[in-house]
Amino acid sequence: MSVRIAIIGTGVMGADHARILASDVPGAALQVICDANVTRARELGDQLGAAHVLTDPLEALSRADVDAVLIASPDSTHAELTIAAMEAGKHVLCEKPLAPTSQESLRVIEAETRLGERRVHVGFMRRFDPAYGAMKSAMESGGVGDALMMHNFHRNVTAPEWFTGEMAISNSAPHEFDICRFVLGSEYVSVLAVQMPSKNAIAPVFLVLKTADGQMVNIEVNNNAAYGYDVRCELVGSSGSVDLNAPVHATYKASLQAVQRFDPDWRPRFADAYRLQNKAWINGIASGATDPRLATAWDGLCSTLVAEAGVVSLQTGTWQPVSSPDVPALYQAAKSNSLLAERAE
């Protein structure tokens, strides 16, 4: 059985998702490519053999010949399109963020709760990255003892002049917010954010978070690192630690040097994670058995709540509490299933 997909948005992420689904995910049928830029949509649709090209996202997600929708349009449209897709009976994979604000995220959660079925997933693909998976397995097996700390580096080559420290927290750091929460299996209770002195247009931002289980998480977000895209993480336990290793495909030797090159952005580093995430999403729709690693709408809300508290902390220079509403039963079941799957592995 093929799962017929509509891609909403053909920018960098939408185009990449379309290529992955068209070439690397058995069982996925690229039914609709949709973008306000009809020329760009048509070029991608012709390249990948999409059945239809449209400019109206509501038309795309309401089609009877579409089973699922991948939303990669501008962030401000995510909540509205996700709710409309659910109301049209579709499954949804929404690129992060689920919505720019917690209020909008709650609207999605309320709509899904009324539906009574989890149909929405958020694109926190690092949950499928083999390196983070190995780190989580080491922790779950007790190989490093009790988890104490996670140290994180998130560095990009450069950021546009309009990018701000607040955006480093709300746009860059959510991947760390989610993956650390996923690995540790604990909720955040407070956050402190500071922006480092720098001559760069966007100075590095440093965050410290505390979890409900007493662990500490720190995150450096440096969007003007200049040398390349670089994500690192160390999980420190009571009897050992685990370092995240990025895949290294080659070492270049010349002029008395041995050099490993950095990627220009996140896509090569997390290519496997995107592929595995999209494959899990399609397989879950086809089989009715959802992969517990897929982030839910509730996970999307939790990340946004941390980001909002982090922005306030950056502006005030003070620790800020991270709080959330009670978890609806619909998402408690998802968390329970995830824990059972991890123990089985």
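Computed from a predicted model, the values in this text were never measured in an experiment.
Between D272 and P130, the shortest heavy-atom contact is CB-CD, 4.4 Å. Scanning both residues, F177 and L207, for their nearest heavy atoms gives CZ-CD2, 4.1 Å.
In this structure, D146 places its CG atom where only 12 or fewer heavy-atom neighbours from other residues, nucleotides or ligands lie under 6.0 Å away. Other residues, nucleotides and ligands contribute only 12 or fewer heavy atoms inside 6.0 Å of the NZ atom of K279. In this structure, E80 places its CD atom where only 12 or fewer heavy-atom neighbours from other residues, nucleotides or ligands lie under 6.0 Å away. The local environment of CZ in R261 is sparse, with at most 12 non-hydrogen atoms from other residues, nucleotides or ligands closer than 6.0 Å.
Side-chain N/O atoms of Y227 and R155 include a donor and acceptor closer than 3.5 Å.
Judged purely by atom type and a 3.5 angstrom limit, S313 uses its side chain to pair as donor or acceptor with the backbone of A193. Counting only distance, with no hydrogens or angles, the side chain of S303 and the backbone of D299 share no donor-acceptor pair below 3.5 Å. In this structure, the side chain of N224 does not engage the main chain of T158 through any donor-acceptor pair within 3.5 Å. Without hydrogens or angle criteria, H78 side chain to S73 main chain gives a donor-acceptor distance under 3.5 Å. D243 places no side-chain N or O within 3.5 Å of a backbone atom of E234 that could act as its donor or acceptor partner. H121 places a side-chain N or O within donor-acceptor distance of the main-chain N or O of A295, the cut-off being under 3.5 Å. One N or O on the side chain of S239 and one on the backbone of G145 form a donor-acceptor pair closer than 3.5 Å. Checked by atom type and distance alone, the side chain of S141 pairs as donor or acceptor with a backbone atom of A138 at under 3.5 Å. A donor-acceptor pair is defined here as one N or O able to donate and one able to accept, closer than 3.5 Å; no such pair exists between the side chain of Y229 and the backbone of P268. Side chain of R119 to main chain of E112: no donor-acceptor pair is present (N/O by atom type, distance under 3.5 Å, no hydrogens or angles).
Following chains of ILVMFWY side-chain contacts shorter than 4.5 Å, one cannot reach V32 starting from V53, and the two form parts of different hydrophobic clusters. Both V217 and V191 belong to a single network of hydrophobic side chains, linked directly or stepwise wherever heavy atoms of I, L, V, M, F, W or Y lie under 4.5 Å apart. A continuous path of ILVMFWY side-chain contacts below 4.5 Å connects L70 to W266, so both sit in one hydrophobic cluster. No chain of hydrophobic side-chain contacts below 4.5 Å, direct or via other Ile, Leu, Val, Met, Phe, Trp or Tyr residues, connects I33 to I71. W281 is connected to F182 through a chain of hydrophobic side-chain contacts under 4.5 Å among Ile, Leu, Val, Met, Phe, Trp and Tyr, so both are in one cluster.
A distance of 6.5 Å separates CG of N152 from CG of N218, quoted to the nearest 0.5 Å. Taking CG of L93 as the reference point, atom CD1 of I8 lies at 12.5 Å (rounded to 0.5 Å). Between M13 atom CE and K96 atom NZ the span is 9.5 Å, to the nearest 0.5 Å. Here the CZ-CG distance, from F124 to D178, works out to 4.5 Å after rounding to the nearest 0.5 Å.
With a 4.5 Å cut-off on side-chain heavy atoms, V66 and L61 do not count as touching.
Checked for salt-bridge contact, D291 and R127 miss the test: no charged N lies under 4.0 Å from a carboxylate O. Between R40 and D35 there is a salt bridge, since a side-chain N of the basic residue sits under 4.0 Å from a carboxylate O of the acidic one. Electrostatic pairing of R181 and E187 counts as a salt bridge here, judged by a charged N lying under 4.0 Å from a carboxylate O.
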